[in-house]
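When a ligand or atom number is given, it counts from 1 through the structure's own listing order. Treat the numbers as computed from the prediction; the structure is a model and nothing was measured.
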Amino acid sequence: MLKIVVCVSGGGTNLQAIIDGVHAGSIPNVEILRVISNNRNAYALERAKQAGIEGICVSPRDYPDREQFNEALLKAVDEVSPDLIVLAGFLVVLPPQLIKEYENKIINIHPSLIPSFCGKGYYGLKVHEAVLERGVKVTGATVHFVDEGTDTGPIIMQKAVQVLQRDTPETLQQRVMEEAEWVILPWSLALIAAGAVTVVDGRVQIAE
Ligand code: GRF
């Protein structure tokens, strides 16, 4: 059984895709131990509650400085000793200690085809605004392991999505979620839980 912690900041539709997959059996051998949000009002916490999963809030606002927030976040993860941490729309710069402790055990979903439209400042709608601004015809989503850089870790899976002429950042965001994110995040989890994903020389290999 792959025991996971899911970190969220917002609506939690990716969390929902994981919850649904676990319940439906399309993500076998995965157990969600805890959901952690940096935002008390995140709807993702409500989704956790409805699914009977423990949801906790660790907000930077509740701590006098970043260091103490980092310690609290690390503690919230360590307490349940997960095999994997899933960042599902988690808008927090991770404590370096957490990244070190969980090397190749943290995955993130990014709403573009890395290495395009990623890195510092590319999050949420800003990604899709930049895609439309540049006029690319194909975008997508990427699931990757998290390292010390921003969106630089080994890539696990990607899926392309067509950009339409009439797209707004909002319609594009929605299509990227529906066609790519909610597909490749659960799928990546299933592969990891099956022991099929390894990192060799900084690149992911998937057993066939
Ligand atoms: C998704 O687009 C994800 O890729 C991004 O933030 C959004 C989160 O959506 N990093 P949700 O909270 O899972 O609905």
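- Ligand 1 lies less than 4.0 angstrom from a heavy atom belonging to Ile109.
- In terms of polar-atom proximity, Gln173 is not counted as a contact of ligand 1, lacking any N or O under 3.5 Å from an N or O of the ligand.
- The protein atom (non-hydrogen) at minimum distance from atom 14 (O) of ligand 1 is Thr13 OG1, 2.6 Å.
- Residue Gly10 has no N or O atom closer than 3.5 Å to an N or O atom of ligand 1.
- Atoms of ligand 1 found under 4.0 Å from any heavy atom of Gly89, numbered from 1 in the order shown, are 6 (O), 8 (C), 10 (N).
- In Arg134, the CZ atom is not crowded: 12 or fewer heavy atoms of neighbouring residues, nucleotides or ligands sit closer than 6.0 Å.
- Considering both main-chain and side-chain atoms, Glu181 comes within under 3.5 Å of ligand 1 through a nitrogen or oxygen pair.
- To the nearest 0.5 angstrom, Ile27 atom CD1 is 8.5 Å from Asp20 atom CG.
- Among Val138, Val131, Val136, Val176, the one residue that satisfies the side chain to side chain contact (heavy atoms under 4.5 Å, CB included) test with Leu113 is Val138.
- Within the structure, the closest approach of Gly12 to ligand 1 falls below 4.0 Å when heavy atoms are considered.
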List the atom pairs, with distances to 0.1 Å, where a side-chain N or O of residues 178-187 and a protein N or O form a donor-acceptor pair under 3.5 Å, not counting sequence neighbours.
{"from": "Glu178", "atom 1": "OE2", "to": "Gln174", "atom 2": "NE2", "distance (Å)": "2.8"}
{"from": "Glu181", "atom 1": "OE1", "to": "Asn14", "atom 2": "ND2", "distance (Å)": "3.0"}
{"from": "Trp182", "atom 1": "NE1", "to": "Thr13", "atom 2": "OG1", "distance (Å)": "3.1"}

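- Listed by chain and residue number, Val143, Ile156, Met157 satisfy the side chain to side chain contact (heavy atoms under 4.5 Å, CB included) test with Ser188 (two or more places apart in sequence, or in another chain).
- A distance of 15.0 Å separates OH in Tyr123 from SG in Cys118, rounded to the nearest 0.5 Å.
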